[in-house]
Novice: 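I have a structure here, written as structure tokens, and I will follow up with some questions on it.
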Amino acid sequence: MCTLEKRGNNFLLTLIGDDEHRLNPNLIGEIRSALSQVRAQAKRGSVLIGQGKFFSNGFDLAWAESAGSGSSGFLHRLQHMGDGLKAIMVDLLSLPMPTIAAVSGHAAAAGFMLALSHDYVLMRKDRGVLYMSELDIGLTLPDYFIALLREKIQSPMVRRDVVLHAAKVKAEEAIKMGIIDSAHDSAAETLEAALRMGEKLALTARKWDGGVYAEIRKSSFPELCRVLELQSKTIVTPRL
Amino acid sequence: MCTLEKRGNIFLLTLVGDDEHRLSPNLIGEIGSALSQVRAEATRGSVLVTTGQGKFFSNGFDLAWAESAGSNGLLHRLRHMIDSLKLIVAELLSLPMPTIAAVSGHAAAAGFVLALSHDYILMRKDRGVLYMSELDIGLTLPDYFMALLREKIQSPMARRDVVLQAAKVKAEAAVKMGIIDSAHDSAAEALEAALRMGEKLAARNWDGGIYADIRKSSFPELCVVLGLQSKTSVTARL
């Protein structure tokens, strides 16, 4: 369901598999393991690219519902997946290297959040939308979803359209709304652009200490880190 | 290292000399003393303009001074400068008058923070960059640096490029990124424009205390980090 490969300086984490690509405990586990491996193999100049048909349709609500009758089992399973997603978000925010999301299809709810948890977001423009579906489904937003949206999307009107309109946002519009960095003609081109961006970043990232990068990143999202109970620390290892 | 003069309504603080205007304890102390003097002599209609001479506005903390203490002393000396500058930032945020930075050259790290601590930023476009160099050097950012960046630079992508790319931002790009107010052909023109803007602001004849309180109240997060309170005062002029 998820593969990890190295291409030059880029760690490429790809989500492959069946149609809907919903996040369930198996997939969450695979992603976390892959990120753990990336962290262990990180060097100066490393970059992570998260791509594929991964960013699709949010949590596996069917798995949650299959807990049986009554809402309690459903809620516990949903909570479990929420905790898993939270942990992935912490992994990404703490990753000691720049991160790029190459969004190659729909990214809804938890999938949208996963994309936004990267430093840079590139997306195909021919198909696919970003979509906070919760309002349409009848779910409220976990606190860390809102915290992430508030950190990453500056305009109150855009955030309103995303959460209170459940807007389905295509790539070119997402650029105008300040949600993503760039839009590309196809999934393949999006990945190409992400790999090129990764290699370009690697040139400057080579002189960076990955730990410093991660701590600066965390400290730039203090509200989100508070909600995630994620600390950032001071590092002083100046190279003059 | 820094001079203070009065030009009409305007207090002009200049970082003098052709050097990097590194924010050493000495220079921080001089700036602090100058700001005390400004505060003491402030009246309605006063304005502060801060500028520099030479290629640099300020290239940040005096890291060479910090390093000369050896690896054990480094952290303590750096912390000392961080704590001292925090008081300057708090003082600028509390200054009972509009403040304008005429960025005359490179403004890096703590130097960038000094510029950002002013209400208005005008910058020369022919040379000089704004540069949060910490990532390149291998330092994390002090809490009030980040709080100031978050209050002053609204776009998350602009902030990301500033702190997570250590982008070197020239004046015209800085205007587009919403970091500064305007870009000017030279250092002299930036200063001229700052002085003209200062006179226009002075003509509004605002109560400086009210001005400072409104300013502080507009940056609640930063004030928490700086330990600053703002108060409510009512002196209605109908």
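Order of the sequence lines fixes the chain letters, A, B, ..., with proteins taken first and strands second; residue numbering starts at 1 for each chain. All values reported here derive from a predicted model rather than from experimental measurement.
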Novice: Between A:D181, A:L201, A:I153, who has the most heavy-atom pairs with chain B when the cutoff is under 4.5 Å?
Specialist: A:D181
Novice: For the side chain of B:R150 and the backbone of B:R159, is there at least one donor-acceptor N/O pair under 3.5 Å apart?
Specialist: no
Novice: For chain B, which residues from residues 219-231 of chain A have at least one heavy atom closer than 4.5 Å to it?
Specialist: A:S219, A:S220, A:F221, A:P222, A:E223
Novice: If you measure from NZ on B:K86 to CD1 on B:I82, what distance do you get to the nearest 0.5 Å?
Specialist: 9.5 Å
Novice: Is it true that a side-chain atom of A:K152 and a backbone atom of A:L116 form a donor plus acceptor pair closer than 3.5 Å?
Specialist: yes
Novice: Assess, by modelled atom type and distance only, whether the side chains of A:H184 and A:S182 contain a donor and an acceptor separated by less than 3.5 Å.
Specialist: yes
Novice: Which answer fits A:T234, side chain, backbone, both or neither, if we ask what part of it has an atom under 4.5 Å from a heavy atom of chain B?
Specialist: both
Novice: Tell me whether B:R22 forms a cation-pi arrangement with B:W65, defined as NZ or CZ under 6.0 Å from the six-membered ring centre and within 45 degrees of its axis.
Specialist: no
Novice: Among B:S71, B:S133, B:S155, single out the residue with the greatest number of heavy-atom pairs under 4.5 Å to chain A.
Specialist: B:S155
Novice: Within the 3.5 Å criterion, strictly below it, is a donor on A:S186 or A:R127 matched to an acceptor on the partner's side chain?
Specialist: no
Novice: Is it the side chain or the backbone of B:L78 that comes within 4.5 Å of chain A heavy atoms, both, or neither?
Specialist: side chain
Novice: Quick check on the interface: out of B:V163, B:L149, B:L135, B:L139, who has the most heavy-atom pairs with chain A under 4.5 Å?
Specialist: B:L135
Novice: Please confirm whether B:H106 and B:F56 have ring centers closer than 6.0 angstrom.
Specialist: yes
Novice: Got a sec, which residues hit side chain to side chain donor-acceptor pair (under 3.5 Å) with B:Q165, two or more places apart in sequence or on another chain?
Specialist: A:Y120, B:D161
